[in-house]
Amino acid sequence: MLLKGDLIMTTNKAVLSWIEECKALTGPEKVVWIDGSQAQIDDLRAQAVATGEMTKLNQELLPDCYLHRTDVNDVARVEDRTFICSRNKENAGPTNNWMAPAEAYEMAGKLFKNSMSGRTMYVIPYSMGPVGSPFSKIGYELTDSIYVVLNMVIMTRVGAAVEEALGDSPDFVKGLHSKADLDKEKRYILHFPEDNTIWSVNSGYGGNVLLGKKCFALRIASYLGWKEGWMAEHMLILGVQKPDGDVKYVAAAFPSACGKTNLAMLIPPEVYRKKGYKVWCVGDDIAWIRIGEDGRLWACNPENGFFGVAPGTNEKSNPNALASMRKGTIFTNVVLNTDNNTVWWEGLDKNPPEHAIDWKGNPWNGKTADYKGAHPNSRFTAPAVNCPCISPEFENPRGVPLSAIIFGGRRAKTAPLVYQSRSWQHGVFMGSIMASETTAAATGAVGVVRRDPMAMLPFCGYHMADYFAHWLEMGRKVGEDKLPKIFNVNWFRTDDDGNFIWPGFGDNLRVLEWIIKRCEGTADAVETAIGYEPKAEDINIEGLDIDRATVEGLLDVDKDLWKEEAKGIHEFYGKFGEKLPQALRDELATLEANLDK
Ligand code: OXD
Ligand code: MN
């Protein structure tokens, strides 16, 4: 039986008894069931404005948009306080923090004890993926934060249809979140993969508290995928529509700060637009990948919105993202322009507001201030339907068939603009050695190589060597002829003065074009020590300010740098000991032999 409003209830016994347990633990004053209705959303927004939790923005310029500021000590994901609480320590592997489940439940149980006293517990039933799709999985998040509710309503599919789809099944992810007192010393993001459970306490920042996203759709889902024969990946999904109307889909994994959202929403350069090219965004962050009825790999974006980084987003870097956030969007930790009640961030334009409030809530004059007004990790939470290039296949319960998988990173010299793997196994090796060099934007030394296999280092919910083995196993199941081809790209090669050589942004379509032609068997390649590369003349530079010789430079493979790279890979692989699949050791040996030729 389903009732409306505050009284919405399900008869699902597993759901009800778990909520009772969480109520007894956290002691809320009342419980409100989220039905996703507009009336309820309006009411919650009004409550959040009344308490100061959110600021209503200029409704003419930014209809249904709000601003929220997090606590100043609570502005990003906390990897050092994120744990995989598998029963066996070995199953979390060397790249995750681990805590024994009993210890974790006991320790965090004390932090949750009466943490919702005097507060409301919101019950959010949500689906990752279109409700009822074979890809989709259901979760419940219990939270004491209206901000979380309003973000989850954008980022996931919420409400009664989800509960109907679940029926009496106990197969749902149990997420419990409490802001508690936002004490950063007591902040924990705990995952219990074998229990389908997530506990998050003492944070109010998106990545730690929107439990459908990184916690469920990557950490728990990667574990479920391993057990059930599918894959949860930190990948964007886009479709390139060619002039003949045919659309080819690719999924791409990049570590953070490599422009994933920008690539996902790419606008083709003019020469391509004139020919009739178009790019469709299916997702900007997460891909769930399954073997389809035709035996190929199909991908679905489990999310329903974008939780993107605001700074640097502008009319040049990503006009589609800007268009996506013009209505129904929640901005977090950006600048408030008090002259017109709109928002601003560094890199939006060259006209910072003079009368403003910074992300910490202090008066800020953008014309004279010598410090940033928006937090570097300030965010927009925007509904996917707002995106002008959202794919017509976004809601397709079958997902989209993948022609290519692309890995990438930020490398000043080592990796060429693009290269292709010789096989699926070699492609898995390419993903496993993914790395990015640190930039001046982050604290710490510049140019330090950080390995981030498949961009999953912070998000893999089990032993990463088992994860590599799972990739290899998926390849064996599908078979080379039906598998997507695997590529690596690097938009970030620099010249001797440190300037980027490749124009990037929309022009990345020029590289995607070669990738797609390789998948179709209509472009040539040359074999190098690291894999297949385009001939310089096969990268279209029509309308660009760079010449053929520059493209040759971008494709250059410096064997000495790669020998250094191979040493770094040995060191990284050393972490995994005996568990590292032999196939990856073989690939490393092949690379080294090729470099010595
Ligand atoms: C994200 C991340 O927020 O990868 O998407 O950190
Ligand atoms: Mn991400």
Side-chain angles (χ1 to χ4, degrees), residues 68 70 74-82 95-96 128 147-148 151-152 154-156 189 191 200 203-222 231-238 251-265 281-289 299 301-313 317-318 321 324-325 329-334 345 374-382 384 387 405-410 431 434-436 438-439 441-443 450-461:
H68 170 78
T70 63
D74 190 22
V75 291
R77 287 185 290 103
V78 282
E79 287 175 19
D80 57 329
R81 308 198 70 93
T82 298
T95 57
N96 282 312
M128 297 312 292
Y147 171 75
V148 167
N151 274 272
M152 285 291 284
I154 298 172
M155 293 304 296
T156 72
I189 321 298
H191 305 73
S200 164
S203 175
Y205 166 78
N208 300 326
V209 298
L210 308 181
L211 301 186
K213 193 173 176 64
K214 302 298 188 183
C215 300
F216 177 174
L218 287 176
R219 298 196 189 96
I220 297 286
S222 60
M231 302 159 92
E233 298 299 331
H234 190 198
M235 290 179 177
L236 65 88
I237 311 167
L238 63 80
F254 299 88
S256 46
C258 290
K260 216 153 118 227
T261 304
N262 296 347
L263 183 64
M265 298 180 188
C281 172
V282 183
D284 79 327
D285 198 38
I286 299 176
W288 283 1
I289 301 173
N301 170 13
E303 301 192 281
N304 203 28
F306 309 113
F307 182 63
V309 175
T313 308
S317 66
N318 197 338
S324 306
M325 53 178 113
T329 293
I330 300 173
F331 295 91
T332 303
N333 293 342
V334 299
W345 49 80
H375 188 275
N377 192 33
S378 53
R379 298 278 175 153
F380 59 87
T381 317
C387 182
I405 288 178
I406 302 174
F407 298 120
R410 186 182 274 274
M434 250 174 75
S436 234
T438 49
T439 64
T443 48
R450 288 233 173 98
R451 302 253 158 232
D452 187 355
M454 282 86 168
M456 281 290 278
L457 194 70
F459 306 119
C460 184

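All figures in this text were calculated on a predicted structure; none of them were measured in a lab. What you see below is based on every heavy atom in this structure, not just the backbone, and it leaves out hydrogens, waters and symmetry mates. Indexing begins at 1, ligand by ligand and atom by atom, following the structure's order.
- Interatomic distance, Thr82 OG1 to Lys214 NZ, rounded to the nearest 0.5 Å: 12.0 Å.
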*asked:* The test is side-chain hydrogen bond (donor to acceptor under 3.5 Å, both in side chains); show your working for Asp74 and Ser203 and say whether it passes.
replied: CA-CA 6 Å; Asp74 190 22; Ser203 175; 2.8 Å; yes
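- With rounding to the nearest 0.5 Å, the separation of CZ in Phe216 from OG1 in Thr156 is 10.0 Å.
- Here the straight-line distance linking atom CZ of Phe306 with atom CE of Met265 works out to 3.5 Å at 0.5 Å rounding.
- How far CG of Asn151 is from OG1 of Thr329: 10.5 Å, rounded to the nearest 0.5 Å.
- Distance from atom 5 (O) of ligand 1 to its nearest protein heavy atom, with residue and atom name: Lys214 NZ, 2.9 Å.
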*Show your reasoning for whether side-chain hydrogen bond (donor to acceptor under 3.5 Å, both in side chains) applies to Thr261 and Asp284.*
CA-CA 5 Å; Thr261 304; Asp284 79 327; 2.9 Å; yes
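- Side-chain contact between Arg450 and Pro255: absent, with no pair of heavy atoms (C-beta onward) separated by less than 4.5 Å.
- Atoms of ligand 1 found under 4.0 Å from any heavy atom of His234, numbered from 1 in the order shown, are 4 (O).
- Rounding to 10°, one obtains 90° for the angle at the Mn ion (ligand 2) between NZ (Lys214) and NE2 (His234).
- When distances to the Mn ion (ligand 2) are checked against a cut-off of 2.8 Å, Ile286 contributes no N, O or S atom below that limit.
- Sorting the N, O or S atoms of Asp285 by how far they are from the Mn ion (ligand 2) puts OD1 first.
- The nearest protein atom to atom 6 (O) of ligand 1, hydrogens excluded, is given as Arg77 NH2, 2.8 Å; this is a heavy-atom distance.
- Annotation for ligand 1: atoms under 4.0 Å from non-hydrogen atoms of Asp285 are 5 (O).
- Using a 4.0 Å cutoff on heavy atoms, Lys260 does not count as a contact of ligand 1.
- Backbone and side-chain nitrogen or oxygen atoms of Arg379 are examined, and one is located within less than 3.5 angstrom of a nitrogen or oxygen of ligand 1.
- Residue contacts with ligand 1 for Glu79 are absent, since no atom lies close enough (heavy atoms, distance under 4.0 Å).
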